[in-house]
Number of protein chains: 2
Amino acid sequence: MSRSQKSDALIIDTLRKNGYKATTQRIAICRFALHSRDHPTAQRIYNEVRKMHPTVSLATVYKTLQILTEHGLVQELDLPQSQARFDSYVGLHINLVCMQCGNIQDFDDKTAQEMVESVTAKAQFTRTGQRLDIYGMCKTCQDRTK
Amino acid sequence: MSRSQKSDALIIDTLRKNGYKATTQRIAICRFALHSRDHPTAQRIYNEVRKMHPTVSLATVYKTLQILTEHGLVQELDLPQSQARFDSYVGLHINLVCMQCGNIQDFDDKTAQEMVESVTAKAQFTRTGQRLDIYGMCKTCQDRTK
DNA sequence: TTTGCTGCAAAGGCTTTGCACGGAT
DNA sequence: ATCCGTGCAAAGCCTTTGCAGCAAA
């Protein structure tokens, strides 16, 4: 599955197909979480969604994110000393995590895909997912530091 | 740096070189954390260390693990819905995380090393570390499930 | 109408912090 | 003798849960 803009109709459909009611709160949260490319925290999703739906609660955000995670529509990234961040790109890719600015850049790489498949086979492992992070400093921060 | 058994003498030396006092608690915690291969949680390290030093506190375990993490002697692995786990193998390797039994198996792979270096170069990233996880079910659990 | 969802507040779990005593240098 | 580290308890922070009212099907 590659990056794709999910329309509200598709979101509603997906929710209903999985036995969830398509409430306005859920739709708003899904819309933001599934379209964002900058790995937001639950708190930031809450802040953003509240701009349109001022009564939404953080609990609902967490509950909805849990649904999305369980159904493989977003991936939860836990990093030390920071809140969980959610990645709407669930395909096999690399996260370039900048320890300076906190930015996370997605990076596609064919070798990475082959490597994961080969390792899985070699270890006789049944793979359901993966997470490939590289930590360091992004180009922008390197330039700024100079 | 590959897997290596650190002697107490080396642990004491390393602590002092970095400006830390070599207390008996720290030595015990370091000994266990650096020698363990099964990615223990802070709580488990605490339980184990308490067998020898019944008065040690969880706070001290956390503080010592923080020192080890900051100096790159262990790596902290955060997974959703679970306590942080600590990996004494800080070299570039793959974590095969079994979602069934919770076991984490380290796996060395040359292709992975090359891939990380190549991606880092391509993205003009300055790398300080990485984390490569594959999630799924280990051989043992597959066999047991059958 | 029925069922499940929301929002609130409170609880929970892991981790960190403040402080006075005690041990390492 | 000095200073850092320890242990305890309390606080902190993110996340989850319980529940009564409310909205979706």
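Residue numbering restarts at 1 for every chain, and letters A, B, ... go by the order of the sequence lines.
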Derivation of the side-chain contact (heavy atoms from CB on, under 4.5 Å) call for A:Ile134 and B:Val119: CA-CA 9 Å; A:Ile134 297 180; B:Val119 168; 4.0 Å; yes
Spell out protein contact along nucleotides 19-25 of chain C as letters: B when the base is contacted, S when just the sugar-phosphate is, - when no protein heavy atom is under 4.0 Å; keep the 5' to 3' order. ----BBS
DNA chain D: first to last nucleotide in contact with chain A (atom under 4.0 angstrom from a heavy atom), 5' to 3', is D:dC14 to D:dA25
Would you mind checking if A:Arg31 and A:Asp8 are paired as a salt bridge, meaning a charged N to carboxylate O distance below 4.0 Å? yes
Would you check if the distance from the ring center of B:Tyr20 to the ring center of B:His71 is below 6.0 Å? yes
Atom [atom1] of [X] to atom [atom2] of [N]: distance rounded to whole Å?
X	N	atom1	atom2	result
A:Leu65	C:dT6	CG	P	12 Å
A:Leu15	C:dG4	CG	P	15 Å
A:Arg26	C:dG7	CZ	P	11 Å

Looking only at side chains, do A:Thr126 and B:Gln142 share a donor and an acceptor under 3.5 Å apart? yes
Side-chain donor-acceptor pair under 3.5 Å between B:Tyr46 and B:Arg50, yes or no? yes
Taking only residues two or more places apart in sequence or in another chain, which ones pass salt bridge (charged side-chain N to carboxylate O under 4.0 Å, His left out) with B:Glu48? B:Arg44, B:Lys51
Qualifying residues under salt bridge (charged side-chain N to carboxylate O under 4.0 Å, His left out), relative to A:Glu114, sequence neighbours excluded: A:Lys110
Applying side-chain contact (heavy atoms from CB on, under 4.5 Å), name anything that partners A:Ile104, two or more places apart in sequence or on another chain. A:His39, A:Leu77, A:Leu79, A:Arg85, A:Asn95, A:Val97
Quick one: side-chain contact (heavy atoms from CB on, under 4.5 Å) partners of A:Gln113, sequence neighbours excluded? A:Leu92
On a heavy-atom basis, the closest approach of A:Ser88 and A:Leu34 is CB-O, 3.5 Å
Quick one, which residues of residues 50-62 of chain B touch DNA chain C with a heavy atom under 4.0 Å? B:Ala59, B:Tyr62
Among residues 75-85 of chain A, which contact DNA chain C at a heavy-atom distance under 4.0 Å? A:Gln81
Describe, as an angle rounded to 10 degrees, how the axis at the first end of the helix from C:dT1-D:dA25 to C:dT25-D:dA1 is tilted relative to the axis at the last end, five pairs per end. 40°
Any non-hydrogen side-chain atom of B:Gln43 less than 4.5 Å from a side-chain atom of B:Gln83? yes
Test of understanding: with side chain to side chain donor-acceptor pair (under 3.5 Å), list the residues that count as partners of B:Tyr62, not counting sequence neighbours. none
Got a sec, which residues hit side chain to side chain donor-acceptor pair (under 3.5 Å) with A:Thr111, two or more places apart in sequence or on another chain? A:Asp109
In Å, rounded to the nearest 0.5 Å, how long is the span from SG of B:Cys138 to CG of B:Leu96? 9.5 Å
Tell me what B:Gln66 touches on the nucleic acid: a base, only sugar-phosphate, or nothing, going by heavy atoms under 4.0 Å. sugar-phosphate
Just grab all the ring pair (Phe, Tyr, Trp, His ring centres under 6.0 Å) pairs involving residues 93-121 of chain B, residues at least two apart or on different chains. B:Tyr89-B:His93
